[in-house]
Student: 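Structure in structure tokens, see below.
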Amino acid sequence: MCGISCYIGGEDAAPIVLRGLRNLEYRGYDSYGIAVKLSDKIEVKKSVGRISDSSLQLPKSNIAISHTRWATHGGVTEANAHPHLSCDEKLALVHNGIIENYTELKKELQAKGHKFRSETDTETAVHLIEEGVKGGKPLMEAVMEACRQIVGTFAFSVISVDEEKMVVARRGSPIAIGIGSKGDFFVGSDVTAFLHHTKKSVFLDDDQLAMIEKGEGIKYFDIKTGKEVEKKITEIEWDPAEAQKQGHKHFMLKEIMEQPIAIQKAIQGRIKDGLPCLEEIDSLEEFLKNTKRIVIVACGTALYAGWTSEYFLENALRLPVEIEYASEYRYRNPVVDDSVLTIAVSQSGETADTLAALRESKKRGSKVLAICNVMGSTIARESDAVIYNRAGPEIGVASTKAFTTQVSILLLVGLHIGLLQKKIDEAKVKEITSALQQLPEQVKEALAEKESIQEIAKKYYEKKNALFLGRGQNFPIALEGALKLKEISYLHAEGYAAAEMKHGPIALVDEETPSVFVVPKDRSYDKTLGNVEEIKARKGNVIAVSNKGASEIARIADDVIYIPTVREELIPIVAVVPLQLLAYYIADLRNCDIDKPRNLAKSVTVE
Ligand code: M6R
């Protein structure tokens, strides 16, 4: 949440950080601001609204910090937008995170004469640093001292009119430093801020600080001890062109359409001679042979990816698999020990609740495997092993290609553990991997239905409510379909286990409430047909996602969206595609801001 984009080097800094900020707008888009360091002052410009419409003009400077905000403390106003200035306007700071003890700190600072201009928790930090600088400390030491006094989470970037430096600090909120080729440095909440300039990145860990000096280079320090530390440079594999819309109207549509290639890359090199080949988890081999239980922790779409995979994992491994809302998990005193494998699923690798859940599991002795899309992310780094999705940057707030690649990878993980534990024979594994290798083509077939889905969207986009229903592994797909519709079209949608309808929600059904059924020709087909009949008997419209040749559903449903026939384990991956497209076209017809839906941010880095 919130995006930070900064630059220090030999170029004109404002246009560089503004471009980085545009790339980060998916992290928050209430308001934004830039500060540039001039020889005698810091100039700040702020605005409420979207960066895409930016007309901010700033003087030339080689040092700039900038920020796009997702409001936590204080309304969406120019005064609350970052950067924030110290009283003497010699320091400017941008922040991502939450300063929990800001009320106490603010009182103390006000008692010392500091005047606050905003309602934010962030402003406390810049006044705190100002106290240190007034006391004679250089900028870096003042920032370090302030960090020690702050309770909560932060990624800070701070500049001073008196020093040719930028100080960057982190605790609990992500921050990456891009190492340019001309002795210049970029700072971003994630690498998309600077990927078009450099693929070399350093990720600060918690309680680390970087001091970047113009013309001199960069040094890293431990905030607690004050000692210098070494950091390793990571080479980012993403192609910067992937972070562009490439002719599509929205990032979401682009990302839906590129799922065949994303799945292809996710499985590439991870199947050898028909067997899963996951070198990333070799180090866990002994543990995986003996693990007794799997706990999957995640949020939102990533949670539904885990939930979808639960059906296959339990069936193939005959191990208990539990799906946990990461946000609930750690407050529940979970029963987890060193016999449990925790799988943390997260596109961004920065979701605060998922990170907290994985730390909880680790504390209790569990080994943690992460499935992440963003390289070098905190969840990836803190886990015992990580498998990257390789889906390329996902910019649209609504997660799509991350989901299908997460489910594909979880399937391979399941097969790998199944072989290690001798729960599944090689012949069956080979059948499944062979089917998985054909999946990109079959997802293409599902995507080819987009015109007919667009027509269906035209029939229903003015409705107020919708139900999404499915049984077995199609139930989490229904949940995901409902989430997609809610978040981008602002229609009320509920996902439900189809057979549970009779226990209450069926009361919602009338001519105005369509039901979307995920009803492929699988083991639950006949039973689900019964649930479709129940809706029809109450005059509800039914949109069915099913296979060609499924004549019974074609006869009862008002509209049918066809998906290719695939092996049972792979059905969820093709079935989710039309639901993504349906949500997309409905939202587009409703003129919604699809890539940046109201109130949401792509990466939820606060609890
Ligand atoms: O980055 P993560 O996968 O950890 O994000 C988890 C959720 O915040 C995310 O899936 C969210 O629900 C999406 N907006 C759904 O489309």
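Counting starts at 1 for both ligands and their atoms, in listed order. Remember, predicted model here, so these are calculated numbers, not experimental data.
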Student: Looking at Ala266 and Arg270, what are the two nearest heavy atoms and their distance?
Tutor: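 Answer, listing the atom of Ala266 first, then Arg270: O-NH1, 2.9 Å.
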Student: Under 4.0 Å from a heavy atom of Thr301: give me the atoms of ligand 1 that qualify, with their elements.
Tutor: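 Every atom of ligand 1 under 4.0 Å from some heavy atom of Thr301: 10 (O), 12 (O), 15 (C), 16 (O).
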Student: Does a side-chain N-to-carboxylate-O contact under 4.0 Å join Glu258 and Lys401?
Tutor: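 A salt bridge links Glu258 with Lys401.
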Student: List every atom of ligand 1 that sits less than 4.0 Å from any heavy atom of Ala398, numbering the atoms from 1 in the order shown and giving each element.
Tutor: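 What qualifies from ligand 1 is 16 (O).
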Student: Below 4.0 angstrom from a heavy atom of Gln347, which ligand 1 atoms are there? Numbered from 1 as shown, please.
Tutor: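 Those qualifying, in numeric order: 1 (O), 2 (P), 3 (O), 4 (O).
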Student: Show your working on side chain to side chain donor-acceptor pair (under 3.5 Å) between His250 and Asp595 and close with a plain yes or no.
Tutor: CA-CA 6 Å; His250 296 99; Asp595 285 334; 5.3 Å; no
Student: At a non-hydrogen distance cut-off of under 4.0 Å, which region of Glu350 contacts ligand 1 (side chain, backbone, both, or neither)?
Tutor: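 Within the 4.0 Å criterion, Glu350 makes no contact with ligand 1.
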Student: Can you see whether Arg364 engages Asn333 through a side-chain donor-acceptor pair at a distance of less than 3.5 angstrom?
Tutor: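 Looking only at side-chain atoms, Asn333 and Arg364 do form a donor-acceptor pair, the distance falling under 3.5 Å.
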Student: Which of the atoms in ligand 1, numbered in the order shown and given with their element, are less than 4.0 Å from a heavy-atom of Ala302?
Tutor: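 Within the 4.0 Å cut-off of Ala302, ligand 1 contributes 3 (O), 10 (O).
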Student: Mark up the atoms of ligand 1 that fall under 4.0 Å of a heavy atom belonging to Lys484, in ascending order.
Tutor: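 Going through ligand 1 atom by atom, the ones under 4.0 Å from Lys484 are 15 (C), 16 (O).
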Student: Can you see whether Thr342 engages Ser361 through a side-chain donor-acceptor pair at a distance of less than 3.5 angstrom?
Tutor: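 There is such a pair (donor and acceptor under 3.5 Å, judged by atom type) between the side chains of Thr342 and Ser361.
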Student: Would you say Ser399 has any N or O atom under 3.5 Å from an N or O of ligand 1, going by distance alone?
Tutor: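 For ligand 1, there is an N or O atom that lies under 3.5 Å from one belonging to Ser399.
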Student: Which heavy atom in Gly33 sits nearest to a heavy atom in Leu21, and how many Å separate them?
Tutor: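 That closest heavy-atom pairing would be O-CD2, 4.2 Å.
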Student: What do you reckon, does Lys602 put a non-hydrogen atom under 4.0 Å from ligand 1?
Tutor: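 No, Lys602 has no heavy atom closer than 4.0 Å to ligand 1.
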Student: Looking only at protein heavy atoms, which one is nearest to atom 2 (P) of ligand 1, and what is the separation?
Tutor: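 The closest heavy atom on the protein side is Thr351 OG1, 3.2 Å.
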Student: Please report which non-hydrogen protein atom sits nearest to atom 12 (O) of ligand 1, along with the residue it belongs to and the distance in Å to one decimal place.
Tutor: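 Here the closest protein heavy atom is Gly300 CA, 3.3 Å.
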Student: Out of all atoms in ligand 1, which are within 4.0 Å of some heavy atom of Glu487? Include the element for each.
Tutor: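 Listed by number with element, the hits are 13 (C), 14 (N), 15 (C), 16 (O).
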Student: Hey, which atoms in ligand 1 end up nearer than 4.0 Å to a heavy atom of Ser348?
Tutor: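 Atoms satisfying the 4.0 Å criterion: 1 (O), 2 (P), 4 (O).
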Student: Quick check: are there more than 12 heavy atoms from other residues, nucleotides or ligands sitting under 6.0 Å from NZ of Lys463?
Tutor: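 Enclosed: over 12 neighbouring heavy atoms sit under 6.0 Å from NZ of Lys463.
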Student: Just need the protein heavy atom nearest to atom 8 (O) of ligand 1, so name the residue and atom and give the distance.
Tutor: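 Checked against all protein heavy atoms, atom 8 (O) of ligand 1 sits closest to Val604 CG2, 4.1 Å.
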Student: For atom 7 (C) of ligand 1, what is the closest protein heavy atom, and at what distance to 0.1 Å?
Tutor: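 Checked against all protein heavy atoms, atom 7 (C) of ligand 1 sits closest to Cys299 O, 3.6 Å.
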Student: With respect to Gly349, determine whether any N or O atom, backbone or side chain, lies less than 3.5 Å from an N or O atom of ligand 1.
Tutor: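 Looking only at distances, the answer is no, because the N/O contact criterion of under 3.5 Å is not met.
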Student: Is there a donor-acceptor contact under 3.5 Å from the side chain of Ser489 to the main chain of Ala587?
Tutor: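 It does not hold such a pair.
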Student: If we ignore angles and hydrogens, is there a donor and acceptor under 3.5 Å between the side chains of Ser399 and Gln347?
Tutor: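 Not at all, the side chains of Ser399 and Gln347 share no donor-acceptor pair under 3.5 Å.
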Student: What closest approach, in Å, do Ile409 and Tyr388 show between heavy atoms, and which atom pair accounts for it?
Tutor: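 It is CD1-O, 3.7 Å.
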Student: Does the N or O separation between Thr354 and ligand 1 drop below 3.5 Å for any pair?
Tutor: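 No, Thr354 has no N/O under 3.5 Å of an N/O on ligand 1.
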